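Encoded as structure tokens, the structure appears first; notes follow it.
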Amino acid sequence: MSILKSRETILALAILALLAAVASRFPGFVAPANLARVFTDTSPLILLALGQMAVILTKCIDLSVAANLALCGMVAALMNGAGVPLPLILLAVIALGAMLGAVNGLLVWKLGIPSIVVTLGTMTIYRGTIFLMTGGAWINAHQMSEGFKAFPRAVILGLPVMAWIGIAGIAAMALLLTRTPLGRAFYAVGGNPHAAVYAGISVGRTQFAAFVLSGALAGLVGYLWVARYAVAYVDIAGGFELDVVAACVIGGIAIAGGSGTVAGAVMGALFLGIIKNALPVVGISPFWQMAISGSAILLAIAFNTLSQRDGGRIILKKAEAAE
Amino acid sequence: MQADLQPQDGAAPVLSLRGIVKTFPGVRALGGVRLDLYPGQVTALIGENGAGKSTIVKVLTGIYQPDEGEILVDGQPIRFPTAQAAGDAGVTAIHQETVLFDDMTVAENIFIGHAPRGRWGLIDRRAMREKARAILQGIGADLNPATRLRDLGIASKHLVAIARALSIDARVVIMDEPTAALSHKEIAELYELVDTLKRQGKAILFISHKFDEIFRIADRWTVFRDGQFVGEGRMADVTEGQLVQMMVGRSVDQIYPKRPARIGDPVLTVAGYCHPTEFEDITFTLRRGEILGFYGLIGAGRSEVMQALFGITRPSKGACRIDNRVLAIRSTAQAVDAGIVYVPEDRGRQGAVKGLPIFQNVTLPSLSRTSRNGFLRLAEEFALAREYTRRLDLRAASLDQDVGLLSGGNQQKVVIAKWLATKPRVIILDEPTKGIDIGSKAAVHDFMSELAAEGLAVIMVSSEIPEVLGMSDRVIVMREGRIAAEFEGEAMTPENLVRAAAGIGQPRGQAA
Amino acid sequence: MSAVLHTQRQIPDRLTRPAARALKSWEALLAVVAVAIFLLNAWASPYFLDPWNLSDASFNFTEKAMIAFAMAMLIIAGEIDLSVGAIIALASTVMGLAMTAGAPTPVLVLLGLGTGLLCGAFNGLLVARFGLPSIVVTIGTMSLFRGISYIVLGDGAFTGYPDSFAWFGQGYVFWVITVELVIFTLAALVFGVLLHRTSFGRTVYAIGNNATAARFSGIRVDRVRFILFLLTGLMSGIAAICLTSRLGSTRPSIASGFELEVVTIVVLGGVSILGGSGSIVGVVLAAFVMGLVTFGLGLLNVPGIVMSIVVGALLIAVIAVPRLWTMARAKSGKR
């Protein structure tokens with residue numbers, strides 16, 4: 001009974017309904033190969049949503065992920081141009097992303113500045129930094145080495161590396177959140193910061209860790225993005241932070257913190273990914289996408305808030321959960 | 001009294017506090033107190049609200065850092081910079097307020113911060129569930145470790161808090177009013193648990209307001225008053241009267257200046273109020289000039305009923321009349337218009353608006369009277385604030401001072417002044433003297449009495465038996481969301497109240 | 001014995017005069033900064049002190065500041081509206097549709113205001129009536145409102161607004177005083193009075209300091225929140241009229257990123273992002289500072305994206321510096 005009521009189940013049903021609706025007219029859309037393609041295409045969003053989820057769990061928000069991604073992507077492209085080998089580039093962008101996340105985290109932790117203000121600010125600073133580094137120049141496909149571009153698309157066991165990274169991210173995050181003290185601390189800090197202090201958990205340090213995690217994932221996705229689209233410039237992934245937040249909200253991650261699951265975040269991202277990929281198939285202008293994702297955010301937040309509405313304290317014995 | 005008494009058997013204290021000072025803006029919560037806890041013994045910490053008991057618990061558990069003084073474990077000075085550090089040193093606490101996580105399961109709540117680890121250092125969830133089940137069984141709590149805490153009642157949550165404290169292998173166990181929300185059967189089991197812990201050689205700090213309880217399980221006592229150490233000794237060498245004398249610092253009968261009032265016609269009639277999870281079948285009548293006490297254990301549903309009357313929540317069934325006019329109260333604004341006002345228990349969150357100056361707090365519900373066509377008139381506001389703060393004998397530097405800088409007692413006076421300025425018919429006071437100093441407490445009691453004498457109808461929710469008995473004309477006792485009994489005149493005895501609240505004997509109204 | 005018999009002391013109304021307090025305020029600091037930047041600009045560029053240049057420069061902030069006044073009240077009440085830029089886009093699109101259908105200027109203006117009000121009402125309904133968190137709601141409506149503009153316009157644009165419509169964004173009342181500058185001044189006065197001199201404004205502060213306690217004081221918290229969203233929508237509608245009129249065209253990307261700059265002006269103006277404190281005077285001064293900085297950097301040929309770095313850094317620094325200052329003082333005081 002409780003499974004039927006869970007947000008994840010309802011979201012899964014919504015995704016199946018969406019797929020069925022598209023498939024009723026375009027059966028090819030649900031062919032395994034195409035679904036794999038959709039998943040691969042959505043992997044960056046999934047990875048970012050997982051990082052964002054950690055941040056939101058701790059009662060914060062990271063609006064700088066897309067800018068972080070763009071900056072790290074540009075650095076990856078520049079390093080590639082300088083002949084740095086790929087493994088080193090990967091390490092470097094993850095470290096840089098984590099560092100940019102750490103800047104957000106430190107401002108939140110040490111100075112107690114609300115995360116929305118911090119990340120609105122660093123969002124423009126990180127993107128502006130790309131311009132300062134390049135003077136606004138683009139790095140195009142012909143300026144990138146083949147190995148650099150090919151890695152995300154290399155097929156292993158029938159799936160591209162990009163999809164495998166997505167799957168690995170999901171698995172690692174699921175393990176982190178459910179089976180490690182840090183993961184439980186994310187929930188504790190967002191669920192009841194006051195009680196977290198009593199349990200010996202530092203609220204600020206945990207928020208800092210969430211920002212570093214979100215930043216590191218943004219750095220990794222920065223490389224994937226630039227390699228996949230084979231172009232880097234100031235405005236790549238502009239406004240993508242909203243898609244990331246949208247994926248979390250649709251996935252039932254409570255914006256007030258402390259509640260949400262990896263499955264929810266992944267499905268929230270897939271929901272948006274499927275819509276994005278289905279629109280051209282069913283012949284609807286891509287200009288509809290923004291309004292659709294906006295409506296999905298509103299529906300999801302309304303549904304989540306109203307279904308979770310506090311029914312008051314439980315005092316009557318008959319209202320208490322039975323053993 | 002006997003301040004330097006040697007412990008029996010010459011045992012050395014496990015944990016000692018010396019000269020602990022803790023100040024907050026405007027308040028000196030602890031002014032150099034000492035405390036010793038001995039292995040295998042229960043030390044009762046006794047003091048009025050505001051004596052510094054909760055603060056000392058927070059110092060002992062690493063939540064607060066003392067400004068001065070030292071903590072000694074086995075005679076060695078130590079510092080608890082975090083709650084983790086206190087836990088590592090073997091100090092664990094069952095806190096008065098249940099500081100737990102609603103969205104986590106019972107097992108996770110018990111083990112957060114020290115979960116059993118399995119392969120690769122990952123949390124071993126099966127072991128966690130099994131251990132949780134064992135601890136819960138040990139305290140006789142019939143709870144499923146996989147239940148989400150959100151779905152539990154307050155007594156069950158308290159049992160989880162106790163289980164959490166026991167999950168840490170501690171040498172010192174602090175129990176801050178552990179029985180306040182528990183029923184009779186659960187209390188008996190808790191006493192057994194305390195005995196077991198004693199046999200294991202643990203030092204126990206037991207904080208309670210109930211003297212019968214203290215005399216039943218404590219071996220030693222320590223009294224604090226207004227943040228100062230007053231005395232310590234063996235329970236065997238002291239009487240209840242001596243403890244009360246030390247605790248209050250004056251004789252007890254002076255505190256409740258209840259004046260006889262002429263009780264008039266019914267003002268408020270509540271019939272069959274119900275709420276899906278909080279209360280059921282609440283029916284009572286309140287008269288002019290009457291002080292009606294509401295007694296019960298913490299979490300019996302008293303505040304919830306009052307908040308429904310004040311328009312914070314809506315009852316699912318039932319009717320409410322004021323002077324025979326039927327009211328459908330949907331918002332606090334409507335309640336205020338109807339003449340019902342509420343002084344909440346949670347002063348910090350629901351009472352005073354900290355950040356706003358005193359005069360703006362006082363005029364907040366009366367802005368339509370102090371403004372003209374929606375435009376503020378400061379002179380009128382100050383006049384109104386002056387009038388009512390003077391009636392309550394408020395102590396403040398100026399009326400323009402931030403309410404947040406006042407002491408608890410003076411904040412409470414501002415909240416009461418705010419409501420009196422609206423000229424209400426019914427005033428509901430929810431734990432009106434909780435956590436305020438003795439001087440302010442007397443002022444609030446005195447004022448309540450005066451209001452009733454002026455013909456206001458007063459409801460007072462209180463968990464302190466002396467206060468309830470000292471101030472009320474009539475007492476309603478609530479238990480588990482229902483009215484358990486009603487007492488008047490001779491029947492208003494401590495025994496009757498306690499029995500009705502804990503569900504011993506045959507409470508009235510059970511059939512409904 | 002009883003409290004009534006205590007010698008009663010008269011509590012004074014105030015200890016420090018309001019004027020004395022104002023001198024030590026954030027607003028006073030902002031005023032000094034504004035003057036300093038003004039002088040710096042005048043020294044750095046010979047073109048700065050030209051009245052017509054200054055008049056042109058005012059467009060840097062007038063439209064955003066109009067919204068910032070309403071946003072300031074909203075943020076003081078503990079809420080936020082990130083959809084203001086999107087409301088402009090939608091209002092502008094509605095006006096564009098009506099314009100292509102041949103509607104005259106007064107109808108366009110009414111439609112602009114009406115769309116703003118409707119969008120504000122929609123946000124307000126979701127936040128106040130259904131209790132949804134305003135940050136998520138307005139991130140959602142930000143996509144929804146602008147998304148509708150994209151559906152209508154795709155990558156096209158509406159152009160060819162009537163000449164009379166141009167008055168709002170390009171007209172002058174007299175000499176160098178633009179219509180927008182007049183609207184800005186009027187809005188500052190109206191919001192200043194509303195926030196600081198009315199009982200409505202008082203309840204806004206009460207809600208921002210502690211919404212629960214405000215509700216427990218008999219204040220209709222949800223009604224106040226709804227009205228604040230309505231006002232923010234209305235001011236976005238007015239800004240949409242001015243901006244559309246000034247640009248003479250509507251694209252779906254119009255006013256993108258406005259929400260960031262509006263919030264920055266509000267925070268720079270000393271309004272606490274956590275709610276409960278702030279003033280309209282501060283917001284006016286912050287608008288001047290932002291306008292002067294942007295104009296000054298523009299005169300020095302600094303590209304727009306670098307200016308946005310400055311804006312972002314300013315946003316963080318404005319909150320960080322006072323906190324660092326208090327932390328440093330607390331540390332030195334303890335020793």
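Predicted model, so just to flag it, every value in this text is computed and none were measured. Residue numbers start from 1 in every chain, and the chains themselves are labelled A, B, ... in the order their sequence lines are given, proteins ahead of strands.
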Result for side-chain contact (heavy atoms from CB on, under 4.5 Å) between C:I135 and one of A:I301, A:V245, A:I116 points to A:I116
Go through C:L324, C:I305, C:I148, C:T264 and name the one with the most non-hydrogen pairs under 4.5 angstrom from chain A. C:I305
Most contact-rich option vs chain A, by heavy-atom pairs under 4.5 angstrom, among C:V267, C:I319, C:I80, is C:I319
Under 4.5 Å from a heavy atom of chain A, the part of C:V306 involved: side chain
If you measure from OG on C:S143 to CD1 on A:I297, what distance do you get to the nearest 0.5 Å? 4.5 Å
Contact part of A:A302 toward chain C, heavy-atom cut-off under 4.5 Å: side chain, backbone, both or neither? both
Which atoms of A:V249 come close to chain C, meaning under 4.5 Å heavy atom to heavy atom: side chain ones, backbone ones, both, or neither? side chain
Under 4.5 Å from a heavy atom of chain A, the part of C:P303 involved: side chain
Heavy-atom cut-off 4.5 Å, strictly under: side chain, backbone, both or neither for A:I125 against chain C? both
Please check if atom CZ in C:R220 has more than 12 non-hydrogen atoms from other residues, nucleotides or ligands closer than 6.0 Å. yes
Taking all atoms of both residues into account, what is the closest heavy-atom pair of C:L260 and A:T124, and its distance? CD2-CG2, 3.1 Å
Under 4.5 Å to a heavy atom of chain A? For C:M307 that would be neither
Are side-chain heavy atoms of A:P114 and C:L274 found at a separation under 4.5 Å? yes
Rounding to 0.5 Å, atoms CD (A:Q289) and CD1 (C:I151) come to a distance of 11.0 Å
Do A:T305 and C:F130 touch side chain to side chain, with heavy atoms closer than 4.5 Å? no
Under 4.5 Å heavy-atom distance to chain A, tell me which part of C:I316 shows up: side chain, backbone, both or neither. both
If you count heavy atoms of other groups shown closer than 6.0 angstrom to CZ of C:R323, is the number above 12? yes
Is C:E259 close to A:L120 at the side-chain level, that is, under 4.5 Å between some pair of heavy atoms? no
Once you round to the nearest 0.5 Å, how far does CG of A:L298 lie from OG1 of C:T138? 9.5 Å
Does any non-hydrogen side-chain atom of C:D155 lie less than 4.5 Å from one of A:F287? yes
Value rounded to 0.5 Å, distance of CG in A:L306 from CG in C:L132: 6.0 Å
Could you have a look at A:G128, A:A296, A:S295 and say which one has the most heavy-atom pairs with chain C under 4.5 angstrom? A:G128
Do C:I309 and A:L132 have side-chain heavy atoms sitting under 4.5 Å apart? yes
Which pair of non-hydrogen atoms, one from A:I255 and one from C:P133, has the smallest distance, and what is that distance? CG2-CG, 3.4 Å
